[in-house]
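Below is one structure, written out as structure tokens, with a few remarks after it.
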Amino acid sequence: MYSATASNTFFLLSCFLLFCLLSAPSCVSMFSGIETGDLEKRDDLFPQILRDEAVARLYELGKVSDASGYLERTFLSPASMKAIDLIRKWMEDAGLRTWVDQMGNVHGRVDGANENAEALLIGSHMDTVVDAGMFDGSLGIVSAISAVKAMHVNGKLQKLKRPVEVIAFSDEEGVRFQTTFLGSGAIAGILPGTTLEISDKREVMIKDFLKENSMDITEESLLKLKYDPKSIWGYVEVHIEQGPVLEQVGFPLGVVKGIAGQTRLKVTVRGSQGHAGTVPMSMRQDPMAAAAEQIVVLESLCKHPEEYLSYDGHCSDSTVKSLSSSLVCTVGEISTWPSASNVIPGQVTYTVDIRAIDDLGREAVIYDLSKQIYQICDKRSVSCIIEHKHDAGAVICDSDLSSQLKSAAYSALKKMEGDIQDEVPTLMSGAGHDAMAISHLTKVTYLCFLFVVFEM
């Protein structure tokens with residue numbers, strides 16, 4: 001139905017559906033002063049503001065990088081500081097009052113007609129992984145700003161019944177400090193004060209790094225970043241899908257009904273270092289071979305959980321069925337010491353990423369995997385240490401908010417494409433997003449977009 005190499009029409013669609021969400025008749029209880037006829041009155045705004053300008057901004061932000069030749073913009077790096085200034089300028093251009101908090105989040109807010117009403121939050125993250133796609137995170141920020149700007153130019157922004165706040169979160173990926181959701185977690189109030197003591201590979205602590213960037217923060221001021229749940233109505237996030245499902249079903253977007261929970265492990269296997277040519281195979285205690293066997297077991301467990309899981313017999317049929325459709329496991333990083341081609345390594349360290357929509361099932365996988373890892377280590381006479389680096393529970397999106405977003409998406413699609421026979425698909429997300437953190441603060445929903453190649 002739709003091509004994966006569609007033009008920037010689909011980006012226009014993301015901005016337009018946010019505009020529809022803000023102005024749809026179904027949202028009368030949330031917003032006022034918007035009539036459906038307004039969408040027709042200023043059609044000339046959308047190609048200029050929501051397509052040409054917004055797409056150009058995506059490309060501009062995609063060039064703000066700490067690396068040459070690829071996109072890398074980690075937490076409060078020099079490139080991130082440039083991105084903060086750029087995003088703040090765009091927010092102010094859209095009629096928003098802006099500020100940067102002590103965790104580096106960029107906020108843009110309009111109070112509307114009633115500044116004391118519960119606010120709607122819209123946003124995503126501005127940090128990236130190494131060699132990132134330029135739409136990851138940025139799509140949700142730029143599309144939200146563009147939708148707000150359209151209302152600002154139409155003279156409708158100040159007539160909103162409730163405040164709207166766009167947030168560009170400073171750290172979702174957790175690349176530098178290996179802990180995700182620093183930005184959104186601070187706002188949601190789920191970061192313990194000890195988070196500030198976490199160090200990167202160079203032994204630089206978060207609190208010292210923030211101070212270097214003129215963001216002097218203490219445990220007390222960290223707690224003050226938390227929003228009062230009573231002041232927030234809900235949270236919406238637009239994000240690139242990062243997977244093949246929408247392309248397979250032939251639809252440019254889908255409303256997400258839930259986000260998989262995830263666990264990150266660090267496994268260290270220690271053996272006996274030796275010369276590659278002088279230690280007989282029968283006498284080796286090789287941590288590399290042990291790690292390789294463990295990784296193969298992990299793959300088999302995650303492909304066929306029903307054949308492995310025991311969890312003391314507590315796994316129900318529904319849990320195993322859920323895992324069969326949602327469980328994914330990945331080893332993304334391996335390091336060895338001393339890492340030489342002619343040396344049997346003395347130590348191997350690798351990461352494990354486990355995701356599933358069923359939290360009990362995910363715990364069962366970790367339990368069984370840990371047991372298998374230790375058994376392999378015993379069999380091979382090597383030692384193993386398993387560290388839990390990150391745990392996040394699954395999040396189910398708010399059904400009412402998701403329904404309104406789905407209606408807005410359908411309205412936007414119908415206006416742009418004409419008659420639409422198919423329903424906007426509903427899907428699960430295996431990727432973690434800031435919505436997972438914000439769900440501790442308020443109801444959330446978000447919309448996934450098919451990966452597209454924009455034509456300039």
Less than 4.5 Å apart, any side-chain heavy atom of Phe75 and any of Val175?
-> no

Heavy atoms, side chains only, cut-off 4.5 Å: are Val110 and Val166 in contact?
-> no

In short, Val255 meets Thr445 closest at the heavy-atom pair CG1-OG1, 4.3 Å

Quick check: does any side chain N or O of Asp358 sit under 3.5 Å from a backbone N or O of Leu323, one acting as donor and the other as acceptor?
-> no

When you measure from the side chain of Asp200 to the backbone N and O of Phe177, does any donor-acceptor pair fall under 3.5 Å?
-> no

Expected output: side-chain Thr98 to main-chain Glu92 donor-acceptor under 3.5 Å | no

Compare every heavy atom of Cys384 with every heavy atom of Gln294, then report the nearest pair and how far apart it is.
-> NE2-SG, 3.5 Å

Please confirm whether the backbone N or O of Trp337 pairs with a side-chain atom of Gln347, one donor and one acceptor, at under 3.5 Å?
-> no

If you look at every heavy atom in Leu58 and Ser138, which pair is closest and at what distance?
-> CD2-CB, 3.6 Å

Kindly determine whether Met134 and Leu61 satisfy side chain to side chain contact (heavy atoms under 4.5 Å, CB included), including the steps that lead there.
-> CA-CA 8 Å; Met134 69 176 178; Leu61 192 55; over 6 Å; no

How about Met215 and Met103: do any of their side-chain heavy atoms sit closer than 4.5 Å?
-> no

Point-to-point distance, once rounded to the nearest 0.5 Å, from CZ of Arg57 to CG of Leu86 | 8.0 Å

Between the main-chain N or O of Ala67 and the side-chain N or O of Ser65, is there a donor-acceptor pair closer than 3.5 Å?
-> yes

Can you tell me how far CD1 of Ile187 sits from CG of Leu441, rounded to the nearest 0.5 angstrom?
-> 8.5 Å

Could you tell me whether Glu307 atom CD has more than 12 heavy atoms of other residues or ligands within 6.0 Å of it?
-> yes

Taking it one step at a time, do His390 and Asp353 satisfy side chain to side chain donor-acceptor pair (under 3.5 Å)?
-> CA-CA 9 Å; His390 173 71; Asp353 185 305; over 6 Å; no

Determine yes or no for a side-chain-to-main-chain donor-acceptor pair under 3.5 angstrom, with Glu197 supplying the side chain and Met205 the backbone.
-> no

So CD of Glu293 and CD of Gln375: to nearest 0.5 Å the spacing works out to 10.5 Å

The residue among Pro345, Pro287, Ser383 that forms side chain to side chain contact (heavy atoms under 4.5 Å, CB included) with Val269 is Pro287

I would like to know whether Glu212 and Leu76 meet side chain to side chain contact (heavy atoms under 4.5 Å, CB included); could you show each step before the answer?
-> CA-CA 10 Å; Glu212 289 175 11; Leu76 296 188; over 6 Å; no

Thr442: what forms a side chain to side chain donor-acceptor pair (under 3.5 Å) with it, not counting sequence neighbours?
-> none

4.5 Å side-chain heavy-atom contact, Asp391 and Arg264 = no

Could you check if a side-chain atom of Phe181 sits within less than 4.5 angstrom of a side-chain atom of His440, using non-hydrogen atoms only?
-> no

Determine the minimum heavy-atom distance between Ser124 and Glu237, stating which atoms define it.
-> OG-OE2, 3.0 Å

Closest non-hydrogen atom pair between Leu327 and Cys302, with its separation | CD2-CA, 3.7 Å

Any sub-3.5 Å donor-acceptor pair from Tyr350's side-chain atoms to Ala292's backbone N or O?
-> no

Check step by step if side chain to side chain contact (heavy atoms under 4.5 Å, CB included) holds for Val444 and Leu401.
-> CA-CA 7 Å; Val444 303; Leu401 192 54; 5.8 Å; no

Using a 4.5 Å cut-off on heavy atoms from C-beta on, say whether the side chain of His433 contacts that of Val256.
-> no

Below 4.5 Å, heavy atoms only, C-beta onward: do Thr263 and His388 meet side chain to side chain?
-> yes

Reported CD1-to-CG distance for the pair Ile354 and Leu298, which is rounded to 0.5 angstrom = 6.0 Å

4.5 Å side-chain heavy-atom contact, Ile334 and Ile295 = yes

Residue pair Ala54 / Val142: nearest heavy atoms and the distance that separates them = O-CG1, 3.5 Å

Any sub-3.5 Å donor-acceptor pair from Arg284's side-chain atoms to Val279's backbone N or O?
-> yes

Roughly how far, to the nearest 0.5 Å, is the CD1 atom of Ile141 from the OG atom of Ser146?
-> 11.5 Å

Ion pair present between Arg176 and Asp171, side-chain N to carboxylate O less than 4.0 angstrom?
-> no

Salt bridge (charged side-chain N to carboxylate O under 4.0 Å, His left out) pairs touching residues 65-84, sequence neighbours excluded, are none

Trp99 vs His107 aromatic rings, parallel, tilted or perpendicular, using cut-offs 30° and 60°?
-> parallel

Within the distance-only criterion (no hydrogens, no angle test), does the side chain of Ser403 pair as donor or acceptor with the backbone N or O of Ser399 below 3.5 angstrom?
-> no

Would you find more than 12 non-hydrogen atoms of other residues, nucleotides or ligands less than 6.0 Å from Lys379 atom NZ?
-> yes

Donor-acceptor under 3.5 Å (Ser80 side chain, Thr74 main chain) | yes

Charged N to carboxylate O under 4.0 angstrom, Lys230 versus Glu118?
-> no

Could you walk me through whether Arg88 and Asp85 pass the salt bridge (Lys or Arg N to Asp or Glu O under 4.0 Å) test, one step at a time?
-> CA-CA 5 Å; Arg88 193 170 183 179; Asp85 292 338; over 6 Å; no

Can you list the steps and then say if Asp127 with Glu172 is a side chain to side chain contact (heavy atoms under 4.5 Å, CB included)?
-> CA-CA 7 Å; Asp127 67 316; Glu172 184 247 31; 3.8 Å; yes

